[in-house]
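What you are looking at is a predicted structure, and each value in this text was computed from that prediction instead of being measured. Atoms considered below: every heavy atom in the structure, side chains included; atoms not considered: hydrogens, waters and symmetry mates. Protein chains get the first letters and strands the later ones, always in sequence-line order, with residue 1 at the start of each.
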Amino acid sequence: MKLSLLNDLRQQNPIVFNISNFVTVQDVANGINAIGASPIMSEEVAEADEMVQLAQAVCLNLGAFTEPQIKHIKVTGQLANKYHKPLVIDPVAVGAVAYRAKVAEDLLTAFQPDVIRGNAGEIAALAGVDWQAKGIDAGSGSGNLVSIAQSCAIKRRCTVILSGPTDVITDGKRTVQVLNGTPLFQTHVGSGDMLSSIVAAFCAVDPDYFEAAQTACLVFAGIGQRVAQSDPQMGSGTFIIKLMDALQQTTVAQLEELAAYD
Amino acid sequence: MKLSLLNDLRQQNPIVFNISNFVTVQDVANGINAIGASPIMSEEVAEADEMVQLAQAVCLNLGAFTEPQIKHIKVTGQLANKYHKPLVIDPVAVGAVAYRAKVAEDLLTAFQPDVIRGNAGEIAALAGVDWQAKGIDAGSGSGNLVSIAQSCAIKRRCTVILSGPTDVITDGKRTVQVLNGTPLFQTHVGSGDMLSSIVAAFCAVDPDYFEAAQTACLVFAGIGQRVAQSDPQMGSGTFIIKLMDALQQTTVAQLEELAAYD
Amino acid sequence: MKLSLLNDLRQQNPIVFNISNFVTVQDVANGINAIGASPIMSEEVAEADEMVQLAQAVCLNLGAFTEPQIKHIKVTGQLANKYHKPLVIDPVAVGAVAYRAKVAEDLLTAFQPDVIRGNAGEIAALAGVDWQAKGIDAGSGSGNLVSIAQSCAIKRRCTVILSGPTDVITDGKRTVQVLNGTPLFQTHVGSGDMLSSIVAAFCAVDPDYFEAAQTACLVFAGIGQRVAQSDPQMGSGTFIIKLMDALQQTTVAQLEELAAYD
């Protein structure tokens, strides 16, 4: 776990290009900004080539995809591969909606992601494992989360992050579990979207994406945990505001004190 | 007034499918989440059938409608009717913009809403009553709000919520007025959109939509009032954050203490 | 500097019509509302004529432009000219993305803005001055900011606001620099978008747009400075919430105390 990557990120201030979920786009932009990277968003395919070249990492969120957005996502993913920019995919609700699962399958044939980040329902769907997803939520199932994540990583040939109370990060061979976090993340729509883009920011500063992914998860979960512990009565509205403050202000030393993973 | 519906909602965690105003979509998603339901949003008509089947209630916001969105709204409203899912309509700015009034008229012929929620200017427009709306705001007029709401309910054959300092809820025969609230709701764009989706969440847990609608109004207005009373100097930015916290944390007993309606 | 314009604005509550950046649209709507104007947003060209007629000022944000949005922006700019409504343009990222620079050039031929507001990278691009922009951020360059802003104002025949730690406001002949502000503005995506729409609101209450523009800048920067000074440890999440509160609550007298410009 290379927590010092957070300092590298803040020093290098990489540009992260996002095709983003229209529901949570502002929080995602602010989260990228707060952690110390520079967000850029676009919905127009005509500027995709320039945007990908400008960026040090690309994050494609499948959270709300209209047909024009799907074309945009496809072209952008291919450009990220072409220009060797790290590519993070967030497969929102592919476990709950058959249409999304089908489109995601087409997209994952068109380009090769470096990291996929989703909840248990989403990762299970991409691994081809049976699971009961619930709308945008993780849902429930009886499978072993570590083996689901590993199956997905092997099948998709990339690093996989299965987010939840415990995050599982694996490239199919190496596996880490991040134990930090707080249930308050589940109370705010868009926490996962924000994490996906922050993972992209970390991939911009470390070419070992498995290393970058696990560090991003620990940084995000650890910062959330510190915020939640500062007030046990905290509600979901206050949490997101204080999370933004803390993304900006938390130091590597503070994270080292509470880091919990194995 | 069945305030205990709030507990039913929190226990059942119904999925509310929203075609949402692009201006306020994130607040709406977070508000649905905070009250204890589960939001799902989409802009793509190809997944409308699945989304409606997934959901326990549907809320269509006419707040920002492009031609593709209008088609999407039309299809989704018809699907909600087909699958017997409660359907809430928020007719944003139909009182101020003739184009919106015309399109809304077409839509209300294509499907049958269960609840319409709007401000005085919007409900007056749908009732065919003269009123001076101002942009997205209620505007002013001399008519009697209760009789405007009742006319609208009879004309549109559904429950109507006319929101304002006093909320009027009526199915044309039965009428309730909710007296709780705070002027801070008017200072935050999207309070009305959030209420519409919360009404849909309550309709998912009570098949008497008149009952569900009035309870949703009292819960939302009452929670806002409690938040505002906690700090008389509160500004609109702090209000929305504390409102999110309180949507999640306020109990039925706390609401019973302040409930004011007749 | 006519700080009393803030009182005029609050009294007149002008409607500002915005074609807005999808990333920051909710903050922009809330910011317009908080300062005391009334926001209206739309993405549909079929209602552009009505919207412009409803409004007392128009703000076009080039922040995320798809082809349909570009057509919408073009038509709306021409309508603002036709109906003599003050027209503010925010040329997001034209300094960083060649596609945006080209499209912006076409748009600025199609209609005549009254005010252009951008950061150094954006204004330099529109002035035809060499500058190293960085994504959506200002970037860095060696030119003199005052003369860049003046060149842009002369070339574009309008008032120009070059935003930054010091704001430069000029109509090509007259120039003012606003020295108030706080670095916290840079930590929140959308501060600039919000300022652009607030400039439009001030233009609605003073036909001397150079006067309106400089007052808007001082009001916005001064309010931000007061918020930041209230807590030296403030993070970017808390800042935007307290900024919303303060946009609503700060008085002309409080701004007069700290106003710094020359």
Side-chain angles (χ1 to χ4, degrees), chain B residues 20-30 43 62-71 73 92-104 132-139 183-191 193-194 231-245, chain C residues 12-56 64 66 68-69 71-72 188 194 197 223 227 237-250:
Chain B
S20 197
N21 189 324
F22 73 103
V23 182
T24 62
V25 58
Q26 182 160 16
D27 268 6
V28 170
N30 281 318
E43 292 191 311
L62 312 187
F65 49 12
T66 60
E67 268 188 55
Q69 280 179 300
I70 291 168
K71 277 179 208 150
I73 287 171
V92 180
V94 294
V97 185
Y99 171 77
R100 294 197 178 195
K102 188 190 153 303
V103 174
Q132 192 59 42
K134 180 179 178 189
I136 57 165
D137 298 327
L184 282 168
F185 279 122
Q186 271 77 57
T187 65
H188 185 75
V189 178
S191 300
D193 299 334
M194 205 187 294
D231 174 10
Q233 306 301 319
M234 189 176 290
S236 62
T238 301
F239 175 66
I240 189 68
I241 298 305
K242 292 199 176 297
L243 181 68
M244 290 292 178
D245 292 349
Chain C
Q12 296 176 35
N13 184 234
I15 295 176
V16 180
F17 173 44
N18 304 272
I19 299 183
S20 196
N21 188 325
F22 73 104
V23 182
T24 62
V25 57
Q26 181 159 17
D27 268 6
V28 170
N30 281 318
I32 293 171
N33 213 34
I35 196 74
S38 178
I40 192 157
M41 269 78 179
S42 163
E43 292 191 311
E44 173 52 53
V45 72
E47 59 186 1
D49 196 287
E50 275 193 86
M51 288 287 177
V52 174
Q53 291 198 60
L54 266 177
Q56 277 86 49
T66 60
Q69 279 179 300
K71 278 178 207 151
H72 190 197
H188 186 77
M194 207 187 292
S197 287
I223 290 176
V227 170
T238 301
F239 175 66
I240 188 68
I241 298 305
K242 293 200 176 295
L243 181 68
M244 289 291 177
D245 292 348
L247 286 171
Q248 194 186 0
Q249 296 173 338
T250 308

### Message
Out of N30(C), V45(C), T238(C), return the one with the most heavy atom pairs under 4.5 angstrom to chain B.
### Response
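Most pairs with chain B among the choices: N30(C).
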#### Entry: Test side-chain contact (heavy atoms from CB on, under 4.5 Å) applied to V25(C) and V189(B), T24(B), V23(B), the passing residue
V23(B)
### Query
When rounded to the nearest 0.5 angstrom, what distance separates CD in Q69(B) from CD in E43(C)?
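Going from the CD atom of Q69(B) to the CD atom of E43(C) covers 6.0 Å.
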### Task
Calculate, to the nearest 0.5 Å, the distance between atoms CD1 and CD belonging to I240(B) and Q26(C) respectively.
7.5 Å
Within the 4.5 Å heavy-atom criterion, are [X] and [Y] side-chain neighbours or not?
X: N33(C); Y: H188(B); result: no
X: P68(C); Y: T66(B); result: no
X: M51(C); Y: Y99(B); result: no

### Message
Can you confirm whether E67(B) is buried at CD, in the sense that more than 12 heavy atoms of other residues, nucleotides or ligands lie under 6.0 Å from that atom?
### Response
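12 or below, so no.
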## Note on the structure
Applying side-chain contact (heavy atoms from CB on, under 4.5 Å) to T187(B) and not counting sequence neighbours gives L184(B), S236(B), Q248(C)
### Task
Would you mind telling me which of I241(B), V103(B), D27(B) has the largest number of heavy-atom pairs within less than 4.5 Å of chain C?
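Ranked by heavy-atom pairs under 4.5 Å with chain C, first place is D27(B).
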#### Entry: Whether E50(C) side chain and R100(B) backbone form a donor-acceptor pair below 3.5 Å
no
